Amino acid sequence: MGSLRTPVGPLPSSIYWRRRGVALLLLASLGLLVWWAMNIGGTGSTGSGDDGAGGPATSISPEPDEDEDGDEDLVEDRPGGRDPGDEDDDDADDDAGEDTGDAEGTGDGTGDGADGDGDPAGPGAGDVEGIAIDDPAAPAGSGGAGGSDGGSSGGSTGSGGAVAASLPRCPGGALELSLSPVSNSYPPGELPRLRLTLTNTSSADCRADLGHRSFTLTMTRTDDGNRTIWDSTTCPTGSASAPVAVPADDGTERIITWDRRRSVEDCDTRGPEAPYGTYLAEAEIDGFPVARTTFRLEED
């Protein structure tokens, strides 16, 4: 014990004390280094493993609940909280909102039949205006006859292949309109169809316009004091201008299909089904005489 307090050796005692201090300092430093290494290594092992972050990762994996029958409840919501029906609505809104400006149509205009609950299905099912105007001479699926927006194709042609939009407007007195029903009466569930004939009495091709800015159509129930049941000027949709070529000394036809529903002021909803009875249909293009015809919607 005396050698610990009083160093023994050939050198001065201060040198031995200095050596002892350096040795103790090295031991202390080594101990701190080992402690630091152990703490850093332990913390890093709890990281995410992908980005090297040292924070603890939390994972929650709840067990699905079971109902009384032992069936597990399945989560059917899609990521992002959107309901599957929202996407369908968006697609429908996008389709209804398209307006190409060249008056192209898309409908087939046949429109016969009824949906599952007995309501007529056809023009108006996705279009509040409620009519389709189609070219019976156009190839099936060509879309060149006008769609459910009541417009006709801007690419309709007259004799010689002249594009309708490039033709001059039919002068007053040169264009005659006639309207007739495809059938005189329509049973419940069948959509009324009218034949609109445009006749050019001049010696040059010209164009008429069946867009909602120039063309109007009304359905009036004569059994009810000539009360207007449907009017194309209420909530018009589609192209404002839809030129149709009318060949010289000849004519062209369009088939108009009505969805058999009333006009309503709320353009976001479909009107109720039109009542049975005798109807007067009136078609007019600005600047030309009105064409009229009658037909009947039969009672159940």
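Nothing here was measured: the structure is a model prediction, and the numbers come from that model.
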**Prompt:** Within the distance-only criterion (no hydrogens, no angle test), does the side chain of S183 pair as donor or acceptor with the backbone N or O of S185 below 3.5 angstrom?
**Reply:** yes
**Message:** Testing the basics here: between P275 and L297, what is the closest heavy-atom pair and its distance to 0.1 Å?
**Reply:** O-CD1, 3.7 Å
**Message:** For a 4.5 angstrom cut-off between non-hydrogen side-chain atoms, does T269 reach V264?
**Reply:** yes
**Prompt:** Under 3.5 Å, side chain of T234 to main-chain N/O of S263, donor-acceptor pair present?
**Reply:** no
**Asked** What distance separates L198 CG from C206 SG, expressed to the nearest 0.5 Å?
**Response** 9.0 Å
**Message:** Show the nearest heavy-atom pair for residues T218 and D231, with the distance to one decimal.
**Reply:** CG2-OD1, 3.6 Å
**Closest contact, heavy atoms only, T220 versus E282** = OG1-OE1, 4.5 Å
**Message:** Once rounded to the nearest 0.5 Å, what's the spacing between atom OG1 of T199 and atom CD of E253?
**Reply:** 8.5 Å
**Asked** Is any side-chain heavy atom of V22 closer than 4.5 Å to a side-chain heavy atom of L26?
**Response** yes
**Prompt:** To the nearest 0.5 Å, how far apart are CZ in R261 and CD in E273?
**Reply:** 6.5 Å
**Request:** For the pair Y279 and F295, name the ring-plane relationship: parallel under 30°, tilted 30 to 60°, perpendicular over 60°.
**Result:** parallel
**Prompt:** Between L194 and L179, which heavy-atom pair has the shortest distance, and what is it?
**Reply:** CB-CD1, 4.1 Å
**Message:** I want to check something: taking the side chain as every heavy atom from C-beta on, are R260 and Y186 in contact at a cut-off of under 4.5 Å?
**Reply:** yes
**Message:** Side chains of T252 and R254 only: does a donor on one sit below 3.5 Å from an acceptor on the other?
**Reply:** yes
**Asked** Could you give the distance from CZ (R213) to CG (D286), rounded to the nearest 0.5 Å?
**Response** 9.5 Å
**Request:** State the CD1-NE2 distance between I131 and H212, to the nearest 0.5 angstrom.
**Result:** 10.5 Å
**Message:** Give me the atom names and distance for the closest heavy-atom approach of G251 to V246.
**Reply:** CA-CG1, 4.3 Å
**Flag, side chain of D205 to backbone of A248, donor-acceptor distance under 3.5 Å** = yes
**Message:** Please find the pair of heavy atoms, one from A208 and one from I285, that lie closest to each other, and give the distance.
**Reply:** CB-CD1, 4.2 Å
**Asked** Counting distance only, does the side-chain N/O of T201 pair as donor-acceptor with the main-chain N or O of A174 below 3.5 Å?
**Response** yes
**Fill in**
Separation between CZ (R193) and OG (S180), nearest 0.5 Å, reads 11.5 Å
